[in-house]
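Index from 1, following the sequence. Everything numeric in this text was worked out from a predicted model, so none of it was measured. Every heavy atom of this structure was used, including side-chain atoms; hydrogens, water molecules and symmetry mates were not.
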Amino acid sequence: MGFDLVLGMTVGGKSVGGTGLPVVDPATGETFAEAPLASEAVLDEALRSARSSQPAWAAQPIDERRSVLVELGEGLAARADEVATVLTRENGKPLREAMDEVTLAAQWFGWIAGLELEAAIARKTPDSYVRMLRVPLGVVGAITPWNYPIILAVVKIAPALLAGNTVVLKPSPHAPLSPLLMGETLAPLLPAGVLNVLSGGDTLGERLVSHGFCDMVSLTGSVSAGRSAAVSAARDLKKAILELGGNDAAIVFPDVDIDGVAEALFAAAFVNAGQFCAAVKRVYAHKSIARSLADRLAMRADATIVGNGLDARTQMGPLTIEGQVLRVDALVATARSAGGQVLAGGYRIDAPGFFYRPTIVFEPSTNTALEVTEQFGPALPVMEFVDLDEAVSRANATSYGLGASVWTGNGALAQKVASRLKVGTVWVNTHGELSHDVPFGGVKSSGMGVEYGQLGLEEFTQLKVVSERLH
C-alpha cells in the first residue's frame with residue numbers, strides 16, 4: 001500500500017528510511033502513513049553516532065551552543081504549518097492547537113538558550129578554592145508520548161543540547177511522524193550525530209534505555225512505562241528523569257464566581273480531549289455549589305463541537321488511539337452503575353474515528369475508578385465535599401501526585417490547602433499552566449525529577465567539584 005507522506009529517521013545526520021510502523025488517523029480510524037521501524041542495528045548506529053559526536057559538541061563554548069538553539073527554534077518555526085498539519089493527522093487535535101504546540105516548541109529553544117550553567121563557589125578561603133561545575137552526562141535517551149509529541153520532545157532536546165549532551169529521541173509509535181519531520185528539519189542545523197530521531201515500538205524504547213551508550217533517560221509517559229524505564233536504568237545506575245501520569249484534583253470553595261470557574265475548569269479538563277497529564281481529572285466542589293457548577297460544566301460540554309481536527313469549526317478532536325475511547329467509556333459506565341448522574345455526553349460518537357462526547361458525571365460514589373484512576377480522556381467527575389479535611393483527604397487518596405488546584409478568593413485558605421496537597425505543583429485559581437521558567441515534576445507515581453527552568457536544565461548535567469589547595 002502506498003502513502004503520500006514518507007519520512008525517514010535521522011541517524012548520524014543522515015536520513016534512514018524504512019517501513020513497518022502503521023500510523024492511524026484518529027479522525028477516520030484508517031492507516032494513512034507508515035513510519036520506519038528501527039532495527040537494533042539502526043539503534044546501535046544512532047547511539048554510536050551520538051556518543052562519538054558528544055565530546056566535540058560539549059567542547060564548544062556554551063554561547064555557540066546557545067546560538068545553535070536559537071537557529072533550531074527558527075528552523076522549526078519556518079516549517080510550523082507543515083509540522084502542525086502532520087501532527088493533527090496523527091494525533092487528532094484541532095489544527096490551531098497543533099500550531100500552538102509547534103509554535104511554543106520553537107519558542108522554547110530560544111528561552112532555554114538564555115539559561116546559564118555557571119560554576120558556583122562552594123568555598124573560598126586564603127588556603128582553598130572549591131568550585132561546583134555542571135558538566136554534561138553524555139548521551140541522553142529521550143522517550144516521548146503521543147499527546148504532545150513536539151513540545152514534549154523539545155523540552156528534553158533543548159536543555160540536553162545546551163548542557164553539552166547529545167540526544168537520541170524515540171517518540172511514541174502512535175505519533176511518530178511529526179517528530180520525524182522535526183528531526184529532518186533540525187538535523188542540517190547541527191553537527192552529525194548530535195540529534196538522532198528513531199521511530200519504533202515499545203521494544204525500541206526498552207533497548208534504548210538499557211543500551212550501554214545511553215547515559216541518561218528522560219521519559220514522559222505512563223506510570224508503567226516509567227517503572228520499566230527506572231528498573232532498566234537502575235541496572236547501570238544511569239540517571240532517569242520521569243514525568244508520568246496524573247490525576248489532578250481541583251478543589252472549589254463556595255466563594256468563587258461559578259460561571260467563571262466553570263469556564264476555566266472546562267478548558268483545563270478538556271484541552272486536547274483530556275489527553276494531558278496535568279489536565280483537571282476530577283473536581284471536588286463544596287456541597288453548596290457542586291450541582292450548580294456541574295450543570296454549568298454540562299452546558300459547556302453539550303455546546304462543544306467535536307470533529308476532525310482539520311475542520312476549522314472543531315473545538316475538540318478525537319482521542320488519539322481507540323484504546324482510550326474504550327477506557328473512558330468503561331470508566332463512565334462504572335461511575336454510572338455506582339449512582340453517578342451523567343449530565344452531558346457519556347457515549348462514543350457513532351461515526352468513523354475515535355470520537356467521544358465530552359462528559360460530565362455528577363457525584364459518583366467515593367473511590368469509583370473514574371475518581372481514583374487517570375482517565376486521560378474527555379470525562380470529568382464532579383463530587384461534593386462538606387469540609388476542608390474531606391476535600392484534601394479525597395484529593396490525596398490516589399497513587400498520583402502531579403498537580404492540583406485550589407479555587408477560592410481567600411488567599412490564606414488557598415495556601416493552607418496547598419500546603420496539605422501531596423503533589424508536585426499546586427495552582428491557585430488556575431490549573432495546568434506550565435512555563436519554560438518554572439520547574440515541573442511529580443511525586444509518588446507521577447514521577448521523579450523535574451523539567452523546565454533552571455532546575456530542569458541542571459537535571460541534564462552532573463555535579464563536578466573541583467577543589468584547589470592554594471597554599
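- Looking at Lys281 and Asp248, no side-chain N of the basic residue comes within less than 4.0 Å of a carboxylate O on the acidic one, giving no salt bridge.
- How far CG of Leu380 is from CD of Gln375: 7.0 Å, rounded to the nearest 0.5 Å.
- Ser53 contributes a side-chain N or O that, together with a main-chain N or O of Ala50, makes up a donor-acceptor pair within less than 3.5 Å.
- Smallest separation of non-hydrogen atoms from Ala84 and Met99: CB-SD, 3.5 Å.
- Other residues, nucleotides and ligands place more than 12 heavy atoms under 6.0 Å from the CZ atom of Arg420.
- Proximity of Pro145 to Leu152: side-chain heavy atoms (C-beta onward) are separated by under 4.5 Å at one or more points.
- Put simply, the side chain of Asn196 gets close to the backbone of Gly193: a donor and an acceptor are under 3.5 Å apart.
- Here Arg79 pairs with Glu82, Glu184 under the salt bridge (charged side-chain N to carboxylate O under 4.0 Å, His left out) rule; sequence neighbours left out.
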List the steps and the verdict of ring-ring contact (aromatic ring centres under 6.0 Å, His included) for Trp111 and Tyr452. CA-CA 10 Å; Trp111 291 330; Tyr452 316 161; over 10 Å; no
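- When side chains are defined from C-beta on, Ile62 counts as touching Arg66, because their heavy atoms get closer than 4.5 Å.
- Between the side chain of Gln275 and the backbone N or O of Asn272, at least one donor-acceptor pair lies under 3.5 Å.
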Verdict with supporting geometry, Thr304 and Arg300, side-chain hydrogen bond (donor to acceptor under 3.5 Å, both in side chains): CA-CA 6 Å; Thr304 298; Arg300 182 67 175 80; 3.2 Å; yes
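- Nearest heavy atom pair, residue Glu101 against residue Ile150, reads OE2-N, 2.9 Å.
- Between the CG atom of Leu189 and the CG atom of Leu76 there is a distance of 10.0 Å, given to the nearest 0.5 Å.
- Here the closest heavy-atom approach between residue Ala279 and residue Gly274 is recorded as CB-O, 4.4 Å.
- For the pair Tyr148/Lys93, a side-chain contact is recorded, criterion being any heavy-atom separation below 4.5 Å from C-beta on.
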Before you tell me yes or no, could you show the steps for Val42 and Val11 under side-chain contact (heavy atoms from CB on, under 4.5 Å), namely the whole-Å CA-CA distance, both residues' side-chain angles and the distance that decides it to 0.1 Å? CA-CA 8 Å; Val42 169; Val11 178; 3.9 Å; yes
Apply side-chain contact (heavy atoms from CB on, under 4.5 Å) to the pair Leu198 and Leu169, showing each step before the final yes or no. CA-CA 6 Å; Leu198 308 181; Leu169 170 67; over 6 Å; no
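- Across all their heavy atoms, Val283 and Val280 have their closest contact at CG2-CG1, 3.9 Å.
- Other residues, nucleotides and ligands contribute only 12 or fewer heavy atoms inside 6.0 Å of the CD atom of Glu40.
- Contact between Leu37 and Gly20 at its shortest, heavy atoms only, is CD2-O, 4.0 Å.
- Using the six-membered ring where Trp is involved, Trp146 and Phe376 have ring planes that are perpendicular, over 60° apart on the 30 and 60° scheme.
- Counting only heavy atoms from C-beta outward, the side chains of Phe460 and Glu458 never approach each other to under 4.5 Å.
- Thr85 OG1 to Leu310 CG: the interatomic distance, rounded to the nearest 0.5 Å, is 7.0 Å.
- Donor-acceptor pairing under 3.5 Å is recorded for the side chains of Ser128 and Thr125.
- In this structure a side-chain-to-backbone donor-acceptor pair under 3.5 Å is missing from His431 to Ala267.
- With sequence neighbours excluded, no residue forms a side-chain hydrogen bond (donor to acceptor under 3.5 Å, both in side chains) with Gln54.
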Stepwise, does the salt bridge (charged side-chain N to carboxylate O under 4.0 Å, His left out) test hold for Arg282 with Glu374? CA-CA 9 Å; Arg282 50 204 168 114; Glu374 181 182 27; over 6 Å; no
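- Thr28 is not listed as a side-chain neighbour of Phe354, based on a closest heavy-atom distance of 4.5 Å or more.
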Test Ser435 against Asp437 for side-chain hydrogen bond (donor to acceptor under 3.5 Å, both in side chains), laying out the working first. CA-CA 5 Å; Ser435 175; Asp437 56 351; 2.4 Å; yes
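- Between Pro173 and Leu21, the shortest heavy-atom distance links the atoms CB-CD1, 3.9 Å.
- Put simply, the side chain of Asp127 does not reach to within 4.5 Å of the side chain of Leu470, judged on heavy atoms.
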Side chains of residues 209-218: which donor-acceptor pairs under 3.5 Å do they make with residues two or more places apart or in other chains?
unit_1, atom_1, unit_2, atom_2, d
Ser210, OG, Glu206, O, 3.0
Ser210, OG, Arg207, O, 3.4
His211, ND1, Phe213, N, 3.0
His211, NE2, Asp44, OD1, 2.9
Asp215, OD2, Val139, N, 2.8
Ser218, OG, Lys156, NZ, 3.0

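- A salt bridge is absent between Glu459 and Arg134: the closest approach of a Lys/Arg side-chain nitrogen to an acidic carboxylate oxygen does not fall below 4.0 angstrom.
- For the side chain to side chain donor-acceptor pair (under 3.5 Å) condition, the pairs that include at least one residue of residues 421-430, sequence neighbours left out, are Thr430-Glu433.
- Residue pairs meeting the side chain to side chain donor-acceptor pair (under 3.5 Å) criterion with at least one member in residues 161-175, sequence neighbours excluded, do not occur.
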Evaluate Val130 against Lys124 for side-chain contact (heavy atoms from CB on, under 4.5 Å), listing each step before the verdict. CA-CA 6 Å; Val130 181; Lys124 188 175 183 180; over 6 Å; no
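- Between Glu243 and Leu402 there is a side-chain heavy-atom pair separated by less than 4.5 Å.
- With sequence neighbours left out, the salt bridge (charged side-chain N to carboxylate O under 4.0 Å, His left out) criterion links Arg327 to no other residue.
- With a 4.5 Å cut-off on side-chain heavy atoms, Leu177 and Arg89 do not count as touching.
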Could you walk me through whether Leu244 and Tyr400 pass side-chain contact (heavy atoms from CB on, under 4.5 Å), step by step? CA-CA 9 Å; Leu244 309 177; Tyr400 297 96; over 6 Å; no
